[in-house]
Amino acid sequence: LTSAFLGAIGVAAALQSGVRFRWLIYAQVACNLLQMALFFTGTGLEPATESGEDPARYSGLTDNANELALQCTLGACLIWLFPKKSGVMPCCFAFVSVAFALAVTGSRKSVLVAAFFLVMVFIQAYGLVPKERRRLLVASAAGMACLLGLFLGPMAWERGRELLVVERSLDFEDSSYRTRAEMVEQGFQLWCAAPVFGHGMDAFRSLSGQGTYSHNNYIELLCN
């Protein structure tokens with residue numbers, strides 16, 4: 001979340017200082033390409049394999065699947081912020097970037113941003129099309145969606161569970177979910193031990209033995 005805010009502030013500061021928008025887009029494309037290259041070559045930071053999950057989720061410079069997914073999907077949204085200024089190639093690459101995030105990271109957050117991205121693309125495309133052709137665009141988009149759903153729906157249903165992000169979203173049995181559930185239980189027990197005064201700022205990190213915050217704002221407040 002902090003990275004997203006800092007990224008937005010960085011983009012705003014660059015534009016305000018006179019940097020051309022297209023150069024920001026080129027930088028975003030370069031960053032995403034670098035992350036993809038590191039992912040496919042297995043280089044970057046040391047993969048976190050102790051969790052039992054696919055080590056590929058921790059490849060690249062971020063060492064975190066959610067951060068990698070958000071860089072790719074939010075970067076795609078940045079590209080489509082002004083598609084005319086971005087250019088055709090970056091706009092096409094944005095779809096590749098979103099597909100990469102959905103296919104390899106297993107991040108549930110990427111699904112939400114990807115949905116927002118598709119809505120954003122439709123709105124931007126709608127604005128670029130002449131008024132007399134907008135109804136045709138809407139009808140074509142709806143028809144294409146129906147055809148894809150009709151012909152690809154069965155295959156997508158069969159193959160969809162093979163995608164890590166779908167599996168994690170449906171099963172809730174991955175190590176990330178189990179760890180967070182354990183943190184919630186630990187934090188609740190710590191709150192019961194000191195329900196009025198708590199244990200102090202950032203106490204969950206040390207008292208729980210997890211070495212990090214509880215990943216749940218409500219539990220963090222109760223415990224501390």
Side-chain angles (χ1 to χ4, degrees), residues 1-41 43-46 48 57-134 137-138 141 165 201-202 205 212-218 220-221:
L1 187 62
T2 304
S3 298
F5 277 115
L6 290 176
I9 292 172
V11 169
L15 292 174
Q16 200 169 33
S17 65
V19 175
R20 293 179 60 189
F21 181 76
R22 180 163 291 191
W23 285 108
L24 291 177
I25 298 306
Y26 291 157
Q28 181 65 58
V29 170
C31 287
N32 285 13
L33 283 173
L34 176 61
Q35 290 282 27
M36 291 178 185
L38 291 173
F39 175 87
F40 287 115
T41 57
T43 55
L45 298 177
E46 188 69 24
R57 295 189 66 231
Y58 300 90
S59 299
L61 294 175
T62 60
D63 198 30
N64 183 282
N66 286 324
E67 290 181 16
L68 175 59
L70 289 176
Q71 176 182 326
C72 292
T73 52
L74 289 175
C77 292
L78 173 64
I79 292 171
W80 272 87
L81 190 62
F82 300 109
K84 281 186 176 180
K85 294 182 179 180
S86 298
V88 176
M89 291 300 294
C91 285
C92 293
F93 174 77
F95 288 94
V96 176
S97 186
V98 171
F100 171 81
L102 291 173
V104 305
T105 65
S107 171
R108 290 179 279 254
K109 296 177 180 64
S110 66
V111 178
L112 298 176
V113 184
F116 175 80
F117 168 75
L118 292 177
V119 172
M120 186 177 185
V121 168
F122 179 81
I123 292 174
Q124 294 286 33
Y126 187 82
L128 292 173
V129 173
K131 290 184 178 181
E132 61 273 11
R133 296 184 181 179
R134 288 179 179 176
L137 171 66
V138 174
V165 65
M201 294 295 294
D202 202 29
R205 184 184 303 270
T212 184
Y213 75 104
S214 64
H215 287 68
N216 184 302
N217 291 342
Y218 303 106
E220 188 78 9
L221 288 170

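Fair warning: this is a prediction, and the values are worked out from it, not measured in the lab.
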request  = Assess whether atom CZ of Phe122 is packed by more than 12 heavy atoms of other residues, nucleotides or ligands within 6.0 Å.
outcome  = yes
message = With rounding to the nearest 0.5 angstrom, report the CD1 to CZ distance, Ile25 to Arg20.
response = 12.0 Å
query = Excluding sequence neighbours, so at least two apart, what forms ring-ring contact (aromatic ring centres under 6.0 Å, His included) with Phe100?
reply = Phe39, Phe40
ask   = Which atoms form the tightest heavy-atom contact between Ala101 and Ser110, and what is the distance?
value = O-OG, 4.1 Å
Within-4.5 Å side-chain heavy-atom neighbours: Tyr218 and Glu220 = no
query = So do the side chains of Gln71 and Gln28 get within less than 4.5 Å of each other, counting heavy atoms only?
reply = yes
ask   = Residues two or more places apart in sequence or in another chain: which of them pass salt bridge (Lys or Arg N to Asp or Glu O under 4.0 Å) with Arg205?
value = Asp202
Can you give each donor-acceptor pair under 3.5 Å made by side-chain atoms of residues 74-90, sequence neighbours left out, with the distance rounded to 0.1 Å?
residue : atom : partner : partner atom : Å
Trp80   : NE1  : Cys91   : O            : 3.2
Ser86   : OG   : Ile79   : O            : 2.6
Ser86   : OG   : Phe82   : O            : 3.1

ask   = What residues, two or more places apart in sequence or in another chain, satisfy side chain to side chain contact (heavy atoms under 4.5 Å, CB included) together with Ala14?
value = Val19, Leu24
remark   = Nearest heavy-atom approach of Met36 to Val96 is CE-O, 4.2 Å
Any residue meeting ring-ring contact (aromatic ring centres under 6.0 Å, His included) with Tyr26, in chain and number order, not counting sequence neighbours = Trp23
inquiry  = Suppose we screen for side chain to side chain donor-acceptor pair (under 3.5 Å). Which residues come up paired with Thr73, at least two apart in sequence or across chains?
reply    = none
